[in-house]
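Notes for the one structure printed next.
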Amino acid sequence: MATVSDQFGIKEALQQLGIKEINEGTSTGSTTYANGNIIESYSPADGTLIAKVKTSTKEDYEKAMQKASEAFLEWRMIPAPKRGEIVRQMGDELRKFKEPLGKLVSYEMGKSLQEGYGEVQEMIDICDFAVGLSRQLYGLTMHSERPLHRMYEQWHPVGTVGIISAFNFPVAVWSWNSMLAWVCGDVCIWKPSSKTPLCGIACQNIIKTVLERNNVPEGVSCLVTGNESGDLINNDKRIPLVSFTGSTRIGRHVSKTVAERFGNTILELGGNNAIIVSEHADISMVLVGAVFGAVGTAGQRCTSTRRLIIHESIYDKTISVLQNAYGQLQIGNPLDENNHVGPLIDKGAVNDYLKAIEKAKKEGGKILVEGGVVEGAGYESGCYVKPCIIEAENHFEIVQEETFAPILYVMKYTTIEEAIALQNGVPQGLSSSIFTNSMREMELFLSQAGSDCGIANVNIGTSGAEIGGAFGGEKETGGGRESGSDAWKAYMRRQTNTINYGTQLPLAQGIKFDL
Ligand code: UN1
C-alpha cells in the first residue's frame, strides 16, 4: 500500500474504508481473523499492489459458519420491519461512503469512476427497496373447501444464505442478495471474488458499525475469502440457499454440488446479449446504447452488448457511425473521468480477449475496428485493450460463447422474425434489446414469440438494469432472479397453513374415514 499513488485520492479512500496493508479475510461482524494463504490484490488500472488479504482456512470458515448459525436463531425473531430499519441505516452508511467505496471499486476492479459510483448507488437503491419490502413480505389466504377451516400461506426465513459474487460487480451483487436476505430474516456468509477481496472487506467494515450500534449478533454478516471457502459453502448442508454469480462453467458445478445436497441456488451466469437495430431505429439513440453496452466496464458486465443484429438497409450507415464513435473512445485510467474505457481485470482476461479475436478471424470474421493491447505510458499494468468490432456470423463458435471483453460482433438481418431468431440463437438468455420506433416490431419482440431472455428492453441497451426489476436470465444464464420485484421469495420458505376451528374433522377431497 505504501506504493499506492496519491493520485485520485486513492490513499485517502483506502484509509476511510479501513483497508490496511494486510487485512484479515474472515470476519463475523466486527471480529476479524484469518489464517489462510495470502491473496495480493493488484489494481488493473496501474498495476500497483493495493493490499494483501489473509484468506480463510477451513477452521476459520467453520468458526464463521457457527457464528452465522447462532445469529440466525436471534435474527429471525426480530420483526421484519425492525430488520428493515437496520438495513435503512446501512443505506445511510453507504451514502456516507459512496465516494471512497466507488473509488475502491474503480481502482480494484478497473471500471470507470462513474460506474464505480453507480455501483454504490445500486447498493443504496436496494437498501431503500429492502426497507419497503420489510413491511410487504406478503402471503396469500385461500378459501378452504372444508367448513370452519382457514387456509393461508406465510413466508419464513430459510437460514444462512451463501453469497458467492464475481469481480465485475464486486459490491452491488452482494448487496442485492444480502439486503433482501436480511429483511427476510436470513443471515449471510459472503465470499467475494478473489480478484476483488478488498471491496468485500470495505463493505464489511462499513456495515459492521451499523450491526454494532444495533446490538445485532455478529454472525448476521460473515465474510470469508479464498476459493476454498466457495467450495465449503457449496458443500455445506447448513446453507439452504447459495446465490452464485459468475461463469456458466463454474455455475454448472455450483448448481450440481448444491442440488446434490438438496440446497437451492440462485444462479446468475453468462450472458450473450444482443441489440436488434431495426430500420425504424433512431440511430443516435442506438449509438449511445450500443457503445456503452459494448465498451462500458470494458465489456465485463454479464449484461454487456456482445452482438448487434442490424437491418440490412441501414447496415453500412450504422457501421460507419459506430466506427466513427469507436475512433473517439479514450482508453485509460478509469479514475480519470475523461476516459471511456478502463482496463480488463487481469492479464488472463487480456489473453482470453486476444484468443477470441484470433478465433473469430479463423472462423471467417472480418475486423471492422481493430483490437489489440494498448501499450506505453499509463498502460503499464498490461490490462488495457482496444474495443473492437468484428463482422461475424451468429453460428461461429466464438460468437456463441461469452468473452468478458470489449468485442462486439455485428451481423445483418432481413426480416424481424429472422432478427429475433438470431438474438435467441445462443445458449445464454440474460439480456436483449431492440431499437425501433415501430410498435409492431416492439410488441413482437416483447411477445411470447419474441426474446427468450430474462431481460428484454426497447430503445435501451442491454446493460444498466434498475434494481426494481427482477434481474437474471434463462437457459445457460441459470434461471435465477435477484434484486427487485418478487425475487425476495427465493430467500424465504413458503409454508401453507390450514386451521380447523370446528368440532368435526372432515377430510379433504371428501374422503370418508370413520372410526
Ligand atoms: C453483472 O454484470 O453481473 O444491468 C450485473 C446491469 C447492472 C448489473 C450487472 N445493473 O448492467
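In this text, all values refer to a predicted model and were calculated from it rather than measured experimentally. One-based numbering, in listed order, for ligands and for the atoms of each.
- Under the ring-ring contact (aromatic ring centres under 6.0 Å, His included) criterion, F471 pairs with W176, sequence neighbours left out.
- Residues passing the side-chain contact (heavy atoms from CB on, under 4.5 Å) test with L354 are V350, V373, sequence neighbours excluded.
- The number of heavy atoms from other shown groups lying within 6.0 Å of CZ (R261) is above 12.
- Counting only distance, with no hydrogens or angles, the side chain of E108 and the backbone of S41 share no donor-acceptor pair below 3.5 Å.
- In this structure, S381 contributes its side chain and D46 its backbone to no donor-acceptor pair below 3.5 Å.
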Can you list, pair by pair, the side-chain donor-acceptor contacts under 3.5 Å of residues 282-289, counting residues two or more places apart and other chains?
residue, atom, partner, partner atom, Å
D282, OD1, S284, N, 3.2
D282, OD1, S284, OG, 2.8

Once you restrict both partners to nitrogen or oxygen, which atoms of ligand 1 have a protein partner under 3.5 Å, and how far apart are they?
residue, atom, partner, partner atom, Å
ligand 1, 2 (O), N168, ND2, 3.2
ligand 1, 2 (O), C302, N, 2.8
ligand 1, 4 (O), G464, N, 3.1
ligand 1, 4 (O), A465, N, 2.7
ligand 1, 10 (N), E122, OE2, 2.9
ligand 1, 10 (N), A465, O, 3.2
ligand 1, 11 (O), R301, NH1, 2.9
ligand 1, 11 (O), T303, OG1, 2.7
ligand 1, 11 (O), G464, N, 2.8

